[in-house]
Engineer: 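Take a look at this one; I'll ask things after.
From a predicted model like this one, the values you see are computed outputs, not experimental measurements. Note on naming: letters A, B, ... go to the chains in the order of the sequence lines (proteins, then strands), and numbering restarts at 1 for each one.
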Amino acid sequence: MLSSIDYPQALNEQQLNAVTSTRGPHLVIAGAGSGKTRVLVYRTAYLVDQGVDPHQILLLTFTRRAANEMLERASAILDDRCRNVSGGTFHSFANTILRQYAQRIDLPRNFTILDEADAASVIQRIREEKGLNKLDKRFPRKDTISAIISKSVNKGTDVADIICDEYPQFLQWSEMVQQIKNDYMIRKREMDALDFDDLLIVLRNLLDTKEDVRRQLSRRYAYIMVDEYQDTNKVQAEIVRLLACEHDNVMVVGDDSQSIYSFRGAHFRNILDFPQSFPGTRVVKLEENYRSSQPILDLTNEVILCARDKFEKRLFTRKEGDQRPVYRDTLDENAQSNYIINRIQELRQEGIALGEIAVLFRSGWHSNDLEVKLSSWGIPFVKYGGHKFLESAHVKDAVSYLRILQNPSDQVSWMRVLTLMRGIGSKTALRIARDAAEKKLSSVNPGDFKNVSVRRLFEFVAAADPQAQSPAEVLDLALQFYYPFLMDRYDDYDKRANDLESLQRIVERYTSLEQFLADLTLEPPEKSVIEARRHNRQNKNSLVLSTIHSAKGLEWDTVFVIHVCEGFLPSYRSFEDQDAMEEERRLFYVATTRAKRRLYLLRPQAVSSRAAGASNSSPYTRVSRFLGEGRILDLLVDIEHRHVQARGFGQGHARQDRAGRMMLADYFDRTESAWDNW
DNA sequence: ACACTTCGAGTTTTT
DNA sequence: CTCGAAGTGT
């Protein structure tokens with residue numbers, strides 16, 4: 001068979017090895033920028049090239065975006081057959097399979113998927129019913145309870161253990177949280193709802209207990225590839241193990257140094273345990289870096305060298321470069337933002353496209369100051385991470401109308417649409433929601449309700465028919481009903497109406513309401529991306545702002561990492577926990593390894609009082625401890641050495657305040673005129 | 001009895 | 001800004 005692709009030409013030896021080994025279990029340990037995506041893309045193409053039916057290939061990735069991009073690239077180097085490869089996230093894969101096999105496990109096919117906020121509101125109701133809001137001692141809030149439950153489920157440990165390890169302040173409530181967990185599980189069943197964790201667990205159980213299903217699926221997906229394996233959890237690993245039962249043709253790809261999702265139950269041990277669950281695993285290591293220049297790589301190698309649990313891996317590159325990474329102290333967040341804007345202007349003059357520049361940070365709100373300034377300068381940007389489109393109240397409202405049509409047992413959505421109405425609070429709403437869930441919807445008589453709004457709601461429900469009407473038509477009906485409430489409730493309703501128009505544009509691509517709703521929760525469009533598309537059609541040429549988590553797998557010519565100070569990076573939440581602190585370091589590693597040619601590490605010496613409240617009580621910051629380790633200082637330029645050393649890098653807390661203040665005054669005198677100028 | 005308003009306190013990361 | 005508890009209003 002003659003291949004159209006010259007694989008040896010396109011790949012290095014290790015990559016080629018990974019691409020052309022198509023039988024048996026493989027573990028690819030891929031350093032940052034070592035062409036891991038390239039391997040998956042070429043391997044997909046290679047398999048199809050070899051005559052494998054694309055439908056038999058399963059490519060599991062961390063985000064839908066990643067899967068689509070890879071299949072796009074594979075199609076580009078081979079042909080369109082690659083588009084038929086089955087690809088997506090574990091969660092969306094689970095959703096598809098579970099709807100197919102629902103009847104085998106006593107699961108209604110029209111089950112609702114609860115996102116995090118939905119889960120929290122179910123928990124909130126249980127919490128209220130148990131009278132836990134009338135206590136003299138502080139009880140965890142709904143999101144915290146939800147997080148505890150989720151962790152215990154994902155790690156397979158007791159609620160009490162999680163609380164003991166990570167929430168010791170709530171130790172006295174362990175038993176109560178356990179009870180809430182039990183009730184929550186029951187409540188979800190009653191509602192015909194699965195949360196994110198359930199999707200994976202129910203799939204795992206299906207594969208585990210139904211041998212015929214397991215075999216059937218394993219034969220269907222004869223070649224399995226998993227990306228970002230270091231960020232999978234135990235349940236996901238078990239799913240892979242079960243899915244591959246018939247053939248063991250599995251290739252997992254990942255980098256233990258980039259494991260940053262332990263809060264979701266992932267552990268980098270997972271990737272190291274792979275050979276145990278798949279005896280005969282061949283390990284391929286990719287160590288040549290194709291992304292970053294030597295000076296940047298020197299720094300990132302040093303960062304990861306300082307990790308407590310390190311696995312030998314030292315990346316090398318043939319890319320030269322003269323620009324050493326820059327560390328820059330700025331007076332405050334304001335000056336930090338100004339520094340970036342200033343640099344961006346210069347980079348633009350050098351011909352660097354805005355889309356080739358990224359600003360990375362630990363938490364969504366760290367970029368608030370910068371966002372304001374970018375807007376006032378008219379610099380277009382897109383923000384990844386932070387709030388999602390679906391999380392805004394008005395979008396959730398609108399979607400809730402569709403959800404009650406799809407699953408009349410969906411109490412969360414009933415409560416939501418009912419409490420929008422004046423004069424209807426949680427009690428009345430609950431009563432109506434219960435009625436609606438029990439009766440068949442068609443037998444509810446709108447005339448039974450005194451409240452005009454409620455009556456009209458049931459008229460809407462009767463008029464809408466997801467079987468006969470397209471999702472777009474159903475949404476139109478829902479919005480007609482919803483607009484009066486929108487206008488009544490929000491002063492800025494016209495802005496919010498814009499979002500609903502975006503929603504209408506999205507829904508037009510769908511023929512199935514079920515699929516539309518599933519995608520909306522499993523692959524939520526980024527809010528700001530939608531906004532950016534609206535304001536500015538070529539969002540390819542926008543500056544990228546991103547949380548470090550959302551930047552995983554991406555790269556830019558120039559990267560700014562902001563707030564490289566104690567309390568921000570590392571986050572103050574991780575101070576007490578060594579493992580969490582190691583994860584912060586890996587986050588720093590992920591951030592710095594995104595840069596191809598230029599890397600800037602910025603630190604504001606002082607932060608606003610509110611931000612300071614989150615990190616410590618003083619508005620003055622200390623430089624991130626990660627810069628004080630190893631030879632890192634020697635690898636950076638543009639350091640205000642005196643400041644850095646006076647502050648002792650995260651040690652010597654007591655004396656730093658006074659010293660810091662004096663330094664600050666000194667610094668101010670010398671720099672004020674400098675940034676007045678530009 | 002229930003819904004609505006107000007005020008004080010606490011803010012990671014994502015499928 | 002968002003949540004939740006306490007107070008006020010229908």
Engineer: Find which nucleotide of DNA chain B each of His91(A) and Glu584(A) is nearest to by heavy atoms, and output the residue with the more 5' nucleotide.
Structural biologist: Glu584(A)

Engineer: Please check the phosphate of dC3(C) (OP1 and OP2 only) for any side-chain N or O of Arg127(A) closer than 4.0 Å.
Structural biologist: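 False: Arg127(A) side-chain N/O out of range (4.0 Å or more) of dC3(C) OP1/OP2.
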
Engineer: Without decimals, in angstroms, what is the distance between Phe361(A) CZ and dT12(B) P?
Structural biologist: 15 Å

Engineer: Roughly, in whole Å, what's the span from OH in Tyr589(A) to P in dT13(B)?
Structural biologist: 24 Å

Engineer: By nearest atom, which of the nucleotides dT14(B), dG4(C), dT11(B) is closest to the Arg573(A) side chain?
Structural biologist: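 The answer is dT11(B).
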
Engineer: Less than 5.5 Å between centroids and less than 30° between ring planes, does Phe90(A) satisfy that with dT15(B)?
Structural biologist: no

Engineer: Taking only Lys NZ, Arg NE, NH1 and NH2, and the carboxylate oxygens of Asp or Glu, determine whether Glu228(A) and Lys36(A) approach each other closer than 4.0 Å.
Structural biologist: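 Yes, Glu228(A) and Lys36(A) are salt-bridged.
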
Engineer: Tyr167(A): which residues meet the ring pair (Phe, Tyr, Trp, His ring centres under 6.0 Å) condition with it, sequence neighbours left out?
Structural biologist: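 Testing Tyr167(A) for ring pair (Phe, Tyr, Trp, His ring centres under 6.0 Å), a comparison that skips the adjacent residues, returns none.
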
Engineer: Taking CG from Leu114(A) and C1' from dT14(B), how many angstroms apart are they, rounded to a whole number?
Structural biologist: 16 Å

Engineer: Atom CZ of Phe139(A) and atom P of dG4(C): how far apart are they, to the nearest Å?
Structural biologist: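 It is 12 Å, rounded to the nearest whole Å.
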
Engineer: Salt-bridge test for Asp227(A) and Lys552(A): reply yes if a basic N is under 4.0 Å from a carboxylate O, no otherwise.
Structural biologist: no

Engineer: Starting at CH2 of Trp365(A) and ending at C1' of dT12(B), how long is that distance when rounded to a whole Å?
Structural biologist: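 In whole Å, dT12(B) C1' and Trp365(A) CH2 are 9 Å from each other.
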
Engineer: Scan residues 419-430 of chain A for pairs that pass side chain to side chain donor-acceptor pair (under 3.5 Å), counting only residues two or more places apart or in two chains.
Structural biologist: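 Residue pairs with at least one partner in residues 419-430 of chain A: Arg422(A)-Asp488(A).
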
Engineer: Check this for me, if you would: do Glu116(A) and Lys396(A) make a salt bridge, where the nitrogen-to-carboxylate-oxygen distance has to be below 4.0 angstrom?
Structural biologist: no

Engineer: Starting at the 5' end of nucleotides 1-8 of chain B, put B wherever the base has a protein heavy atom under 4.0 Å, S where only the sugar-phosphate does, and a dash everywhere else.
Structural biologist: -SSS----

Engineer: Provide, to the nearest angstrom, the distance between the CD1 atom belonging to Ile113(A) and the P atom belonging to dT15(B).
Structural biologist: 14 Å

Engineer: Tell me, yes or no, whether the heavy-atom count around Glu576(A) atom CD, taken from other residues, nucleotides or ligands under 6.0 Å, exceeds 12.
Structural biologist: no

Engineer: May I ask you to verify if any side-chain N or O of Arg141(A) is less than 4.0 angstrom from the OP1 or OP2 atom of dA5(C)?
Structural biologist: no

Engineer: Taking atom CE of Met185(A) as the centre, does the number of heavy atoms from other residues, nucleotides or ligands within less than 6.0 Å exceed 12?
Structural biologist: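 Correct, the count exceeds 12.
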
Engineer: Rounded to whole Å, how long is the line connecting atom CG of Leu200(A) with atom C1' of dT15(B)?
Structural biologist: 8 Å

Engineer: Nearest to the side chain of Phe196(A) - dT15(B), dG4(C), dT11(B)?
Structural biologist: dT15(B)

